[in-house]
Amino acid sequence: MSVTEDVAVPEPFEAAPGLAGVSVARTEVSDVLGRKGFYHYRGYNAVDIARRGKVEDAWHLLLRGELPTAAQREEFARQTAALRQLPDGVAELLPAVARLSRPGSLESLRSAVSVTAQAIGCKPWTDQAAEETGEQAARFAAVMPTLAAQLFRLASGQPPVPPRADLSYSDNYLYMITGKEPDDRSRYAVERYLMLTIDHGFNNSTFTSRVIASSGADLGAVVTGALGALSGPFHGGAPARVFDMLDAIGSPDNAEAWLRRAINNGDKLMGFGHRIYKTVDPRSELLHEVARELHSERVEFAELVEKTAVELLAELKPGRELYANVEFYAGVVLEAAGLPREMFSATFACSRVIGWMANVLEQIQDNRIFRPLARYAGPDAPREFPGSWQPGAP
Ligand SMILES: CC(C)(COP(=O)(O)OP(=O)(O)OC[C@H]1O[C@@H](n2cnc3c(N)ncnc32)[C@H](O)[C@@H]1OP(=O)(O)O)[C@@H](O)C(=O)NCCC(=O)NCCS
């Protein structure tokens, strides 16, 4: 029988490009209701948690399944703070990793995560006890800020600042970057941002993390792969590019002409558009609010650019429903927290790793390897093999 006759299976369904509108798994971790402008962590409005809680609350909810009581929060904060230290052997390697790239680069962070995974002895999750995988999931989320902050300081010629277990997650993060305990303003800003970005349905890097985990690979492979996905400009690489765009526009009177030209050129305006949200992104709304509360010096210019861009997108891309996404005000808020532009994407990685880990623990509870199809669109097979063909022949 020829291969072309071997079609005992029905014609495969072909999903939309980018898997738009396709559900690929069941999850209890989080969801995004794009027409309602609403998203949640395990059923709780994520914006409410971000307004009222601390990173440890959202982290506990995603990892342990429930919002913590005061006593649980204290215990969870104590346990996770103890995991912030770099494992043996990693600190010595960071200067060499940092030298290879610019401050704040996700490429360096990826290399450091890979080394960390080896140092803590990550094995394919199929080959280790479930408790060990759970501990490693907590460890990666706790140590990512230490790796990101130390790499940043080393790459910018400053000595690394070791983590402190007596500070909250957000305070410790800012402390390790700046070397100073944060003031209320910085804490408020960075904490809101971190909580808003911990998880967000089946975004590209979360899906990546679950695909990698589904092969049985170790958590180090999962986190490095997810970081790779996050680094792209259409995903977590966007916030610094929003600042680049604001800089390029330069002044209010240049906004309309600059943005019109960019859209007409076919460029994507950084910080606008979303696969799921077809209305205002609620993360953008809260970050905008925070930026105003902090009297950020950029906020008025950013507002003008947002308004102009939304109007032009409606005019030039009618029906696409394009609004500001989380990245648009992210930089404005993080800058107000005292973070340099180079650290915007790495900060995103520090919060999102919590979501990746919650998703991966869910994936492996009821795993089936992701292995979809692609519709082959090349020359008809089998092609006649050229009898005269020789490897290396001209
Ligand atoms: C987020 C994003 C990747 C979603 O992509 P998507 O769901 O595949 O959307 P599409 O690229 O199919 O966009 C649909 C239409 O809107 C347009 N569009 C989408 N985002 C746009 C943007 N930021 N600027 C200008 N046009 C945009 C597309 O050009 C396309 O137009 P067309 O119908 O004429 O081809 C995309 O909006 C984007 O690249 N935004 C900028 C990067 C960004 O801010 N990323 C962070 C996301 S949180």
Side-chain angles (χ1 to χ4, degrees), residues 15-24 30-35 37-39 46-47 50 106 192-208 226-249 255-288 302 305-334 341 344-349 351-352 355-356:
L19 295 179
V22 178
S23 167
V24 294
S30 74
D31 196 20
V32 183
L33 306 181
R35 295 235 154 252
F38 173 78
Y39 76 113
V47 174
L106 291 192
R192 305 285 85 66
Y193 171 81
L194 290 168
M195 275 192 289
L196 282 173
T197 51
I198 280 180
D199 204 42
H200 204 239
F202 254 53
N203 62 87
N204 186 283
S205 56
T206 299
F207 181 39
T208 302
L227 272 171
L230 187 79
S231 66
F234 301 140
H235 190 11
R241 290 171 191 251
V242 171
F243 262 36
D244 295 343
M245 179 177 79
L246 295 179
D247 284 351
I249 295 171
E256 187 184 339
W258 194 98
L259 292 164
R260 188 179 284 279
R261 199 166 47 242
I263 301 169
N264 284 334
N265 262 347
D267 298 342
K268 296 269 171 68
L269 302 182
M270 288 294 134
F272 292 89
H274 198 272
R275 172 65 61 78
I276 310 294
Y277 289 122
K278 297 303 165 203
T279 179
V280 176
D281 180 335
R283 301 168 300 176
S284 168
E285 273 185 321
L286 180 56
L287 290 176
H288 183 187
V305 171
E306 180 194 9
K307 182 170 178 297
T308 313
V310 169
E311 283 168 8
L312 286 172
L313 287 166
E315 177 195 328
L316 302 171
K317 295 271 175 187
R320 284 19 164 249
E321 299 173 290
L322 302 167
Y323 300 94
N325 61 45
V326 62
E327 312 295 6
F328 189 71
Y329 285 104
V332 180
V333 167
L334 294 178
R341 174 183 316 206
F344 294 171
S345 291
T347 305
F348 191 1
S351 60
R352 189 52 62 86
W356 296 336

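Position 1 is the first residue of the sequence, and the numbers go up from there. For ligands, and for the atoms within them, numbers begin at 1 and follow the listed sequence.
- At under 3.5 Å, not a single nitrogen or oxygen of R283, backbone or side chain, sits near a nitrogen or oxygen of ligand 1.
- Of the heavy atoms in L269, both backbone and side-chain atoms come closer than 4.0 Å to ligand 1.
- Between Y39 and Y277, the two ring planes are perpendicular [angle over 60°; tilted spans 30° to 60°].
- Note: no N/O pair closer than 3.5 Å links A238 and ligand 1 by distance alone.
- Counting heavy atoms under 4.0 Å from ligand 1, residue D281 does not touch it at all.
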Verdict with supporting geometry, R352 and T206, side-chain contact (heavy atoms from CB on, under 4.5 Å): CA-CA 8 Å; R352 189 52 62 86; T206 299; 4.2 Å; yes

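- When each of H274, R192, M195 is checked for a side-chain contact (heavy atoms from CB on, under 4.5 Å) with R283, only H274 meets the rule.
- The shortest N or O to N or O distance between H235 and ligand 1 is not below 3.5 Å.
- Residue R275 approaches ligand 1 through these ligand atoms, each under 4.0 Å from one of its heavy atoms: 4 (C), 6 (P), 7 (O), 8 (O).
- Taking a cut-off of under 4.0 Å to the non-hydrogen atoms of E327, the atoms of ligand 1 that pass are 46 (C).
- Under 4.0 Å from ligand 1, the heavy atoms of L313 that appear belong solely to its side chain.
- A salt bridge does not link R241 to E327: none of the charged nitrogens lies less than 4.0 Å from a carboxylate oxygen.
- Considering both main-chain and side-chain atoms, F234 comes within under 3.5 Å of ligand 1 through a nitrogen or oxygen pair.
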